[in-house]
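Report on the following structure.
Order of the sequence lines fixes the chain letters, A, B, ..., with proteins taken first and strands second; residue numbering starts at 1 for each chain. From a predicted model like this one, the values you see are computed outputs, not experimental measurements.
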There are 2 protein chains.
Amino acid sequence: MSDVAAAAGVSLKTVSRVVNAEGYVSTDTVAAVKAAIEQLGFRRNDAARQLRQGTAATIGLIFEDQSDPFYSTLARAVEDVALAHGSLLLIASSNGDPAHSQTIVDAFTSRGVDGLIVAPAAGTEPGLLQREAAAGRAIVFVDRPVPGVDADTVLADNVGGAAAATAHLVANGHRRIAFFGDDPGVFTATERLAGYSRALREAGLEPDDRLVRLAAPTADGLDDVIGGVLDQTDPPTALITGNNRWSIRMLRHLKAHASRAPLAFVGFDDFELADVLDPAVTVVAQAPAEMGRIAAELLFRRVGGAEEPIECIRIPPRLIVRGSGELPGPALA
Amino acid sequence: MSDVAAAAGVSLKTVSRVVNAEGYVSTDTVAAVKAAIEQLGFRRNDAARQLRQGTAATIGLIFEDQSDPFYSTLARAVEDVALAHGSLLLIASSNGDPAHSQTIVDAFTSRGVDGLIVAPAAGTEPGLLQREAAAGRAIVFVDRPVPGVDADTVLADNVGGAAAATAHLVANGHRRIAFFGDDPGVFTATERLAGYSRALREAGLEPDDRLVRLAAPTADGLDDVIGGVLDQTDPPTALITGNNRWSIRMLRHLKAHASRAPLAFVGFDDFELADVLDPAVTVVAQAPAEMGRIAAELLFRRVGGAEEPIECIRIPPRLIVRGSGELPGPALA
DNA sequence: GTGAAAGCGCTAACAC
DNA sequence: GTGTTAGCGCTTTCAC
């Protein structure tokens, strides 16, 4: 910058004024400075700016896996809001590991990010995050909360969505409905299971442990787990998968065991090609882009210094009827 | 840091030595400093560190759309390599707009990223990037090159892959094979079309313009475009889609027009659920994770100061036979 | 093993 | 409209 100042024959501060469009500089001076900038190929050093101003114009995103379509869609929506605020995105994947998550939070905060949007790993302790939140760093949780941290949170209505999926299958005549969800440590898995159980009871049906399995959809040996449920005596006539990874896993299993009688199927969370499969897959669709947008807007409100009370927003999922969930069950047959 | 120094009763520099594990500090002093750090909740300010050292321990990724599964998979692989080098990832989507791309490059370089991994937007001029490359900033292009920029590049063997897809269909008895690819401005679209044409000629078949359409897979009115090709007199019996977005688009069209005679189908680039569809979709699979890993390794080699000559690596795609590409054509019927 | 001093490139505060 | 000064928090250099 001092080189530019010398080249343009003005002071350092004047260059700074031009670079930051502060105004109060004569048109001629602006032109001279801009010419010097162009000629020297000058670009502001944001590290110095950040050191002085204390703002990085950057926010950090932490997800289990940035290549999961749910999160990559969410991230894209966050990016669009961040762009409107002149902010960039640091992204890192936690792999569902709270310890690694903590390392990432450390690395992000060391770099002075203005805020964090986090889908916390199962088992995340509030400690570090609560210290950050208390120190005034903007934090928004998406998809999952961290109890004990005072931060805005954007969640799907998991209970309501799973209950709607279950009620839909009941309405189509099913009485034995299986549920396959993520690890019980995962917040959404537990909530969705609760919604499933609630809807069963509301329909006068008794939840049956033999119809429920909770496991990471990436785990080994799932074919046996699924088979154990679907091939038991008094088997289910319908099933629900608790997230898009489980839906994909289940579809692969069902294709490999196509000789089995067809089951009604509702997936939690929409996924690409669900509409093209045969039968097309009925889902309770989350709105990842909307969740990302809302989370980002909440975040930038805090970054901007808003002092409103902490919010926890629940986004209602939407049942999309496509065919797989409407195969009639025994009560309608 | 000076607070920590005061609390531990040592000098600033000693704290710095401990924080950066430089050694040459007595065990007692280290313990005292660490205790002070813990107690004060100190975390190093990386903006100051960066200002002094000139390294941000951050690399920038620029893709058309970070939520495209091809790119999000690639980004994930880059992240894993970056993690091993203690580096974080700034990610931004160009939306295929060269001007916006340039803004992102500016923003990234202002922040002092150590390197850039870029899938350049169609129509990107070498200007800015070549200046950066010449100034010594590490740059690696993935998926598409920018002619005129001296930078390592990791590409798929698009010509070979598309030729293999075409030859496969020919071998299965097809003589009229349609090709649907991205906009002609897109490097990969042009290369893949060239591979298709070459394979046709090698099989003694004359490429027919009526069987080729190049358009963005997100464009409006594609049903008419596709229909115009598939419903003409002397229609194709097989088709190739030029990327995973086009494959999805085509599958949706084919499902909506299921009354039409089935066509053999090979997609360029694999996609989730291709194996579950009926028939399962034969593809020429790219290796986005491998491309990301290799690109990141090249990048960090340059960041580390390697002076080896510029490399352009071609990753061969792999034909995955699943069923849709093996429907027999007239020459075998 | 430890410390003092200088300075990275910028902006805030305050002249003029 | 423009310029001067100080200092953000760290690392580099050199001294002890």
Side-chain angles (χ1 to χ4, degrees), chain A residues 1-37 40-58 86 88 106-114 135-137 305, chain B residues 1-37 40-58 86 106-114 135-137:
Chain A
M1 200 175 249
S2 66
D3 290 353
V4 174
V10 298
S11 80
L12 200 68
K13 178 62 208 179
T14 299
V15 178
S16 173
R17 286 196 180 95
V18 173
V19 168
N20 297 299
E22 285 177 28
Y24 305 111
V25 184
S26 79
T27 325
D28 290 358
T29 313
V30 170
V33 170
K34 284 196 168 160
I37 286 173
L40 294 168
F42 166 83
R43 204 169 295 122
R44 179 176 64 197
N45 179 328
D46 280 340
R49 178 191 175 82
Q50 183 185 343
L51 180 57
R52 196 63 244 251
Q53 293 206 137
T55 171
T58 302
L88 294 181
D106 264 337
F108 281 5
T109 51
S110 273
R111 276 176 183 67
V113 295
D114 302 319
R137 192 173 314 271
Chain B
M1 199 175 250
S2 66
D3 291 351
V4 175
V10 297
S11 81
L12 201 70
K13 177 61 209 175
T14 298
V15 177
S16 173
R17 284 196 180 94
V18 173
V19 168
N20 297 300
E22 285 177 27
Y24 305 111
V25 183
S26 78
T27 326
D28 290 357
T29 315
V30 170
V33 170
K34 286 197 166 159
I37 286 174
L40 295 168
F42 167 81
R43 203 168 296 121
R44 180 176 64 197
N45 179 328
D46 279 340
R49 179 192 175 82
Q50 182 184 344
L51 180 57
R52 198 63 244 250
Q53 292 204 136
T55 172
T58 302
D106 264 337
F108 281 6
T109 52
S110 273
R111 275 175 183 69
V113 294
D114 301 319
R137 193 174 311 271

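Contact check, A/T29 against D/dT2: a side-chain N or O comes under 4.0 Å of OP1 or OP2. Considering only side-chain N and O atoms, B/S26 lies nowhere under 4.0 angstrom from the phosphate OP1 or OP2 of C/dG1. The shortest distance between the side-chain N/O atoms of B/T14 and the OP1/OP2 oxygens of C/dG3 is below 4.0 Å.
Taking each heavy atom of B/G86 and B/A57 in turn, the nearest pair found is O-CB, 3.8 Å.
Sparse packing is recorded around NZ of B/K34, with 12 or fewer heavy atoms of other residues, nucleotides or ligands lying under 6.0 Å away.
Rounded to whole Å, atom P of D/dT11 lies 11 Å from atom CG of B/L51. Residue B/Y24 contributes atom OH, which lies 17 Å from atom C1' of D/dC16 at whole-angstrom precision. As rounded to whole Å, 18 Å separates atom P of C/dG9 from atom CZ of B/R111.
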Return the polar atom pairs (N/O with N/O) between nucleotides 10-13 of chain C and the protein under 3.5 Å, or none.
| from | atom 1 | to | atom 2 | distance (Å) |
| --- | --- | --- | --- | --- |
| C/dC10 | OP1 | A/N45 | N | 3.0 |
| C/dC10 | OP2 | A/M1 | N | 3.0 |
| C/dT11 | OP1 | A/N20 | OD1 | 3.3 |
| C/dT11 | OP1 | A/N20 | ND2 | 3.0 |
| C/dT11 | OP1 | A/R49 | NH1 | 2.7 |
| C/dT11 | OP2 | A/S16 | OG | 2.8 |
| C/dT11 | OP2 | A/N20 | ND2 | 3.2 |
| C/dT11 | O2 | A/R52 | NH1 | 2.8 |
| C/dA12 | OP1 | A/Q53 | OE1 | 3.0 |

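Checking side-chain atoms of B/D46 against main-chain N and O of B/A56 turns up no donor-acceptor pair under 3.5 Å.
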(request) Assess whether side chain to side chain contact (heavy atoms under 4.5 Å, CB included) is satisfied between B/Q50 and B/T58, documenting all intermediate values. (result) CA-CA 10 Å; B/Q50 182 184 344; B/T58 302; over 6 Å; no

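Applying the side chain to side chain contact (heavy atoms under 4.5 Å, CB included) rule to B/R43 yields the partners A/D106, A/T109, A/S110, A/L128, A/E132; only residues at least two apart in sequence or on another chain are considered.
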Indicate every side-chain donor-acceptor pair of residues 21-33 of chain B with a distance under 3.5 Å to a residue at least two apart or in another chain.
| from | atom 1 | to | atom 2 | distance (Å) |
| --- | --- | --- | --- | --- |
| B/S26 | OG | B/T29 | N | 3.3 |
| B/S26 | OG | B/T29 | OG1 | 2.6 |

